[in-house]
Amino acid sequence: MSADRQNDADACMWDELISLLSMKDATTRTVMLGVGSLGVACGIVGCLTVLRRRALMADAVAHAALPGVCVSYLLLGERELGALLLGAMIFGLIASGLIAAMRGRTTVKDDAIIAVVIGVSFAVGIVLLKSIQNTPGGNKSGLDGFIFGKAASMARAEALTVAAVSAALLVLVFSQFKVIRLVTFDPAFAKALGLRVRLIDLLIISMVCVCTVVGLPAVGALMIVALMIIPAVTARSWTDRLSTMLVLAGAVGGIGAVGGTALSASVRTPDGSSLPVGPTIVLTIAAVCIVSLIVSPRRGVLAGWLRQRRARREMMAERVSERARAGPLAVTTAQETNDPGARP
Amino acid sequence: MSPAALDTNVAVEIHDLTVAYDRKPVLWDVDLSIPSGVLCAVIGPNGAGKSTLIKAALGLLSVLSGRVWFFGEELNAVRRRLGYVPQRESVDWDFPVSVRDVVMMGRAGVTGVFGRSRPKDVEVVEQSLRQVGLSEFGDRQIGQLSGGQQQRVFLARALAQEADLYFMDEPFAGVDASTERAIVDVLKALRERGKTVVAVHHDLQTVPEYFDHAVLLNTRLIASGPVNEVFTRENLQRTYGPRLTVLEEAGEAMARAREARPS
Ligand SMILES: Nc1ncnc2c1ncn2[C@@H]1O[C@H](COP(=O)(O)OP(=O)(O)O)[C@@H](O)[C@H]1O
Ligand SMILES: [Mg+2]
């Protein structure tokens with residue numbers, strides 16, 4: 001009896017997943033357009049962030065968005081999405097500027113500085129959020145949605161905005177591809193050529209801010225960085241070319257976001273509610289990432305392990321035959337593995 | 001401005017250069033000039049400020065005081081005529097980029113970073129790769145090269161800049177003997193074409209053989225001039241301290257061992 005009901009529930013879940021992914025219904029299409037283009041933009045911006053070693057910095061920027069949203073709500077006294085996101089953007093840029101400033105002027109190490117900024121931003125955000133919720137009307141402000149995200153509620157205008165912003169980011173990255181690649185790979189050389197390295201760095205961190213801001217309502221401040229970094233890491237394991245990596249990361253981010261949203265809408269928890277969108281998207285992309293890191297032919301764990309095993313076998317075989325040739329009394333001390341390039 | 005600063009036969013003219021990272025000065029009141037058309041070694045112990053000298057000259061650092069001229073002109077007027085080979089450790093070799101792409105970066109200063117690469121750029125890149133013996137490795141990801149090959153990628157990128165004056169930070173670091181020969185050949189070819197090379201060099205033994213000019217540095221300038229004038233025991237001792245004899249003996253011993261070893 002209960003097994004039957006379980007089967008019914010399963011069948012229902014699959015039907016729903018398939019109907020969501022086939023996007024017959026307009027609301028679904030809207031939400032999918034929004035999260036899909038968000039995923040693409042985040043994946044691409046994530047590549048630059050990872051390669052320029054700004055992943056942690058991006059996380060700080062995203063966390064700083066939370067107090068930014070709260071402060072602009074307090075200033076305006078109402079929920080006006082544009083203004084809230086502007087607040088998030090400004091706070092994100094302030095956080096990155098603060099980190100850059102502290103880097104040169106204190107003896108505290110980078111990662112510690114960033115950890116402090118992350119913690120403080122989040123703490124300030126939560127305190128402000130609680131005090132907003134205690135004000136009249138504050139309960140309905142819906143600001144707590146900015147922590148974990150609420151993709152299901154994405155309005156048509158919102159989805160179109162996300163899509164437009166993502167398209168703009170794509171055009172920017174691909175039109176400036178060479179400069180961005182040069183600055184990201186070798187900033188000192190770029191500067192010697194007279195390129196504006198600081199400007200490109202500012203561009204990259206601003207793109208992180210923009211992704212955070214447009215992703216804030218859907219995915220939330222805590223997980224948006226995962227949506228940037230995980231696709232980048234996944235893509236890197238499949239290719240050695242930056243252009244391909246950008247395209248792959250965009251695809252992983254976009255498809256993962258759509259798939260994760262569909263999953264979250266169709267899978268029901270025992271009490272009948274659906275899974276939260278942000279975490280489901282992140283887990284979907286993370287699954288792709290983990291599989292990639294294991295099976296990718298060049299950089300995967302599996303391939304590395306097989307390579308190492310083969311090399312060991314060959315060395316053992318060589319050693320045995322060498323010893324046999326040299327006779328029983330020979331001492332084997334040959335260790336000619338010095339790589340001329342390896343310096344301490 | 002001194003008259004020398006306007007002399008176009010002087011490749012590098014540095015006046016009163018002082019640089020500090022925190023409070024401690026790394027370069028103190030350095031004045032020097034390097035004539036054009038020479039191979040110049042910059043030597044000094046670790047931490048002497050050799051890399052800092054190059055970076056400050058190229059405008060990569062903010063300086064406390066000092067002015068620099070190249071061929072009698074300010075940096076911004078001659079940037080296109082300057083090539084740069086940074087220290088190999090300064091970049092992430094796991095970066096997803098091919099050898100050819102990195103060498104093409106040398107063209108960015110010539111063609112600009114916005115245009116597509118023209119046939120001429122492609123030609124110069126291939127020629128630079130050939131010159132350092134990396135033609136077959138153009139499509140490799142840069143992490144899949146040995147240390148010596150990576151060093152040559154940087155050299156090829158600088159060659160692709162088609163500069164008149166090259167700054168190289170430890171171009172011989174961590175390369176094997178055959179790569180060292182290949183690099184020396186490239187440097188000599190540059191000199192034959194009237195180019196100037198300023199290179200940080202660590203192996204004192206080979207200074208007289210490879211270079212014709214030297215800058216001895218240890219926070220302050222110790223000496224600067226033709227190798228046969230400034231590369232003296234006394235100057236070296238002032239640069240490296242009294243323990244130089246130890247260094248020298250060790251170096252000579254290693255050289256003897258290298259010769260004695262059956263090949
Ligand atoms: N970015 C930096 N910040 C602080 N100190 C630095 C930095 N770069 C170099 N230094 C210090 O400046 C001194 C000179 O460095 P450097 O020019 O790299 O020496 P060299 O190249 O001769 O070995 C060293 O004591 C080094 O520790
Ligand atoms: Mg150095």
Side-chain angles (χ1 to χ4, degrees), chain A residues 47-48 50-54 103-107 174-200 232-249 296 298-299 307 336-344, chain B residues 22 54-55 57-61 75-76 79-80 82-92 94-98 101-102 104-106 108-117 139-151 154 157-158 161 167 169 173-180:
Chain A
C47 291
L48 308 180
V50 169
L51 292 174
R52 189 76 180 94
R53 313 226 159 170
R54 294 284 195 271
R103 190 178 272 159
R105 285 173 188 77
T106 63
T107 52
F174 284 99
S175 67
Q176 304 297 307
F177 177 73
K178 275 190 177 178
V179 198
I180 293 177
R181 182 174 65 184
L182 175 47
V183 168
T184 318
F185 170 61
D186 192 346
F189 186 78
K191 200 168 173 199
L193 290 180
L195 295 177
R196 312 273 296 270
V197 172
R198 288 236 180 124
L199 199 69
I200 298 292
V233 172
T234 310
R236 181 66 185 94
S237 70
W238 293 103
T239 178
D240 276 336
R241 298 197 73 86
L242 180 56
S243 46
T244 316
M245 180 179 167
L246 290 170
V247 172
L248 275 181
S296 111
R298 285 246 205 110
R299 301 169 65 89
R307 250 199 315 273
E336 291 299 342
T337 52
N338 291 331
D339 173 13
R343 259 165 39 104
Chain B
D22 300 314
I54 289 184
K55 287 182 192 160
L58 289 171
L60 306 180
L61 300 169
L75 175 63
N76 279 325
R79 235 183 244 285
R80 295 247 164 119
L82 309 184
Y84 180 35
V85 177
Q87 258 174 294
R88 184 159 59 87
E89 301 81 40
S90 65
V91 302
D92 172 15
D94 193 41
F95 199 92
V97 68
S98 71
D101 289 335
V102 171
M104 187 60 89
M105 288 174 186
V110 184
T111 322
V113 273
F114 302 105
R116 293 178 57 85
S117 18
D139 292 323
R140 284 249 192 128
Q141 191 264 331
I142 52 171
Q144 286 154 16
L145 300 177
S146 73
Q149 290 168 330
Q150 291 176 345
Q151 195 69 67
F154 267 2
R157 179 176 69 176
Q161 291 187 270
F167 286 96
D169 203 340
V175 306
D176 59 17
S178 71
T179 302
E180 181 156 330

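First the proteins, then the strands, lettered A, B, ... as listed; each starts at 1.
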K.L.:
Is chain A contacted by the side chain of B:Q161, its backbone, both, or neither, given a heavy-atom distance below 4.5 Å?
P.N.:
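Just the side chain, heavy atoms under 4.5 Å.
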K.L.:
If we define contacts as heavy-atom pairs under 4.5 Å, which of B:L82, B:V85, B:L75, B:D94 has the most with chain A?
P.N.:
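Maximum pair count with chain A is reached by B:D94.
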K.L.:
Only counting residues at least two apart or in another chain, list the ones meeting side-chain contact (heavy atoms from CB on, under 4.5 Å) with A:R241.
P.N.:
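A:T239, A:S243, A:T244, B:S98, B:D101.
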K.L.:
Tell me, for A:R299 versus chain B, whether the close heavy atoms (under 4.5 Å) come from the side chain, the backbone, both or neither.
P.N.:
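Side chain only.
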K.L.:
Where on B:F154 is there a heavy atom nearer than 4.5 Å to chain A: the side chain, the backbone, both, or neither?
P.N.:
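The answer is the side chain of B:F154.
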K.L.:
List in chain and number order the residues that pass side-chain hydrogen bond (donor to acceptor under 3.5 Å, both in side chains) with B:Q150, two or more places apart in sequence or in another chain; answer none if no residue qualifies.
P.N.:
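By the side-chain hydrogen bond (donor to acceptor under 3.5 Å, both in side chains) rule, B:Q150 matches B:R88.
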K.L.:
Measure B:Q149 against the heavy atoms of chain A and call it side chain, backbone, both or neither at under 4.5 Å.
P.N.:
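Contact with chain A involves no heavy atom of B:Q149 at all.
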K.L.:
Do other residues, nucleotides or ligands put more than 12 heavy atoms under 6.0 Å from A:R53 CZ?
P.N.:
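No, CZ of A:R53 has 12 or fewer neighbouring heavy atoms, counting only those of other groups under 6.0 Å.
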K.L.:
Ignoring hydrogens, what is the shortest heavy-atom contact between B:G106 and A:F189? Give both atom names and the distance.
P.N.:
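Result for this residue pair: CA-CZ, 4.1 Å.
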K.L.:
Name the region of B:L145, side chain, backbone, both or neither, that has any atom closer than 4.5 Å to a heavy atom of chain A.
P.N.:
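Neither part, no heavy atoms under 4.5 Å.
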K.L.:
In Å, rounded to the nearest 0.5 Å, how long is the span from CG of A:L246 to CG of A:L48?
P.N.:
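Here the rounded value is 6.0 Å.
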